[in-house]
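What follows is a single structure, written as structure tokens, with notes after it.
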Number of protein chains: 2
Amino acid sequence: MVAAEAGVSRATVSRVVNGHASVAPEAVAAVHAAVARLNYVPNRVARSLASRRTDVIALIVPESTSTVFADPFFAPVVRGVARALAETDFTLNLLVASETRPEKTRRYLLGGNVDGALVVSHHSGDHSYLGLGDALPIVFGGRPLNPELESRHYVDVDNRHAARSATEYLLGSGRRRVATIAGPQDMPAGIDRLAGWRDAIEAVGGDVSLAEHGAFTQQSGAEAAIRLLDQHPASGTGSTGAGFDALFVANDQMAAGAIQALRMRGLASPTDIAVVGFDDDAFAATLDPPLTTVRQPATELGVSMTELLVRLISGEEAPHRTIIPTELVRRGTA
Amino acid sequence: MVAAEAGVSRATVSRVVNGHASVAPEAVAAVHAAVARLNYVPNRVARSLASRRTDVIALIVPESTSTVFADPFFAPVVRGVARALAETDFTLNLLVASETRPEKTRRYLLGGNVDGALVVSHHSGDHSYLGLGDALPIVFGGRPLNPELESRHYVDVDNRHAARSATEYLLGSGRRRVATIAGPQDMPAGIDRLAGWRDAIEAVGGDVSLAEHGAFTQQSGAEAAIRLLDQHPASGTGSTGAGFDALFVANDQMAAGAIQALRMRGLASPTDIAVVGFDDDAFAATLDPPLTTVRQPATELGVSMTELLVRLISGEEAPHRTIIPTELVRRGTA
DNA sequence: CTGAAAGCGCTAACAG
DNA sequence: CTGTTAGCGCTTTCAG
């Protein structure tokens, strides 16, 4: 190898290449020269075998989430991960976890193939990460629903608090009856955002029954809006109005659907019904009118998760819970 | 290791684990038992070092594309790749290629870290894959623009043909003047779709000047539509019409923007102007009216690329050019 | 500061 | 059919 070319031992080459300890300046120079001359690229695999590090981190995406790959929320997270990783020597391993064969993922993770893992899952059913908890540093994106995982490291936004604030904003802008379209109740984001809305409503003694559920899709948002309209018609007069004058929707896609549905019923936003969404996804600003929403910094989430994981891998201690701030983006619908 | 537990040699264990050659049934059983008992998971790294295979394939995404990560086209491709890989022992390495430091990617690829690579790039400027051509099997998604790469393996849809067909469909449905909003002319998809439109127009002696360019974004689509309208006002009468009655748009996002722009000018689709998009992305069907478009099977593209690569890795010969069929999806706008 | 030596865990001829 | 023998290319004590 380069050792010969540089006239030193392999050990020294290794030291130089890895920027280790103190090596004679001349030796360093000689090695660098040899490296350049020979166009030497260290073999990662051999290095891994010897050092017992892989310099690989896995980004685990449950298959179901991968279906939602087009999820406008997911892409920015990945971007954040990639960005954070670009500054390190780690490499990203995208692992689409087959939910039907969870052991495949487990084995992979346990096979010494990665130094750590990032888990992005909106869902909860997943128990496949239990048991390898101590074998490998793992950072979850989003609060794990599984209580056994609660003690793990995760980074998330404070969905509940953000939802509450958004609802309070609606209440504070003069709206009387704030309804909600909640997300699935098997995902933390769905649960927490509903809880936040309820917190706000209960605090003012409002009507907690003004809630319908959707599946975080546009279609389901439209349907939920219709149900809301049907079940809560305008009070008193036989006007075309609705039994609520504001709507907090658990994500932007559903909000888009809801607004469309409302419009088909002759109700405009924000005039008739103020709407606040959640996520500030790529399409929120392009809606007509542009959607007022709670911005969830997805890219930062990815960055943050990655930085946390890297820290864990290098043996540092780190907080189990990292909360990223959200922000209400006022646009046209509220 | 398990060898002792099973009472055989390490070589035999290796044979059994890898399903190699013929091994005595009893030995096989013994090894399996031992494996199960010891919860043995072979170390991939060691295996790689010894076998000189990594069982890893890289999916290379240029940084610029990663920004367009939210590109509704990209996600399904990844899904296809993941799906195809699920049936193999390969692992997916997502490599966001820093365009500012292309050698980083080169080194990685050359460092014996992967058995092959998939390159998804809409753009062309990329020369970073030259030179490692023969060192590693590579499959491109989309026709490489770079002539030196033309000889490589790639899978693509026949953009030109599809664009021509779409335009002919418009022409065949009684439209007289079919305009186009083309994509960037530094991407194969942009170039070829424009060429296809022109083929069709020229074939009927139509007006080839009815073209504007966009950047494949909704915004740019809207702007291009406006330019089209301004530069080609209704002929003859001072009506509110336009100088064209149909529009072939090089992708769905731009089509969405264009339709919105047209509407703001009081022109409805398909009544006033028939519109055909391209991609059939996740949002095409949810537009109002739902978009008629050329469906590009992105997931299949990913699957196909992957299968091709796997074949190449195992040393098989394979066609350099694989074309996936497109299909015109008739919906509401044409 | 730097060589030498000893592996990391597995696969791959090669004999038997 | 199976054990033996060598490494894969690099890191890492351990002396010096």
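Every chain is numbered from 1 and lettered A, B, ... according to where its sequence line falls, protein lines coming before strand lines.
Residues satisfying the side chain to side chain contact (heavy atoms under 4.5 Å, CB included) test with L92(A), not counting sequence neighbours, are I57(A), L59(A), V81(A), L85(A), L94(B). Among residues two or more places apart in sequence or in another chain, the side chain to side chain contact (heavy atoms under 4.5 Å, CB included) test is passed with T91(B) by N93(A), Y108(A), R44(B), V56(B). The side chain to side chain contact (heavy atoms under 4.5 Å, CB included) check on A86(B) picks up nothing, with sequence neighbours excluded.
The CG atom of D158(B) sits 6.0 Å away from the CZ atom of R321(B) when rounded to the nearest 0.5 Å. Interatomic distance, CZ of R52(B) versus CG of L49(B), reported as 7.5 Å (0.5 Å rounding). Interatomic distance, L309(A) CG to D115(A) CG, rounded to the nearest 0.5 Å: 8.5 Å. Atoms CD1 and CD, from I324(A) and E300(A) in turn, are 5.5 Å apart once rounded to the nearest 0.5 Å.
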Steps toward side chain to side chain donor-acceptor pair (under 3.5 Å) verdict (N18(B), R47(B)): CA-CA 11 Å; N18(B) 295 298; R47(B) 179 192 299 217; 3.0 Å; yes

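Formation of a donor-acceptor pair under 3.5 Å by the S48(B) side chain with backbone atoms of R53(B) is found in this model. When atom types are taken as modelled, the side chain of H153(A) and the backbone of P319(A) share a donor-acceptor pair closer than 3.5 angstrom.
Side-chain contact check for Q296(B) versus L301(B): every heavy-atom pair is 4.5 Å or farther apart.
Here the nucleotide nearest the side chain of S14(B), chosen from dG3(D), dT11(C), dT2(D), is dT11(C).
Using a 4.0 Å heavy-atom cutoff across all strands shown, V13(A) reaches no nucleic acid atom at all. At a threshold of 4.0 angstrom between heavy atoms, the contacts of V8(A) are confined to the sugar-phosphate backbone, with no base atom among them.
Secondary structure note: stems in DNA chain C built from 3 or more consecutive Watson-Crick or G-U wobble pairs under 3.5 Å occupy C:1-11 with D:6-16, C:13-16 with D:1-4.
Comparing R44(A) and A24(B) by the nucleotide of DNA chain D that holds the closest heavy atom to each, the one mapping nearer the 5' end is A24(B).
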Look for any protein N or O under 3.5 Å of an N or O in nucleotides 13-16 of chain C and output each such pair with its distance, or none.
residue, atom, partner, partner atom, Å
dA13(C), N6, R15(B), NH2, 3.3

Quick one: which protein N/O atoms are closer than 3.5 Å to N/O atoms of nucleotides 6-8 of chain C? Pair and distance per line, please.
residue, atom, partner, partner atom, Å
dC8(C), O3', R52(A), NH1, 3.3
dC8(C), O2, L49(A), O, 3.3
dC8(C), O2, A50(A), N, 3.1

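Between N113(A) atom CG and dG9(C) atom P there is a gap of 14 Å when expressed in whole angstrom units. Atom C1' of nucleotide dT2(D) and atom CG of N18(B) are separated by 16 Å, given to the nearest angstrom. The CG-P distance, from D89(A) to dT11(D), rounds to 12 Å in whole Å.
Residue T12(A) has a polar side-chain atom (N or O) positioned under 4.0 Å from OP1 or OP2 of dG3(C).
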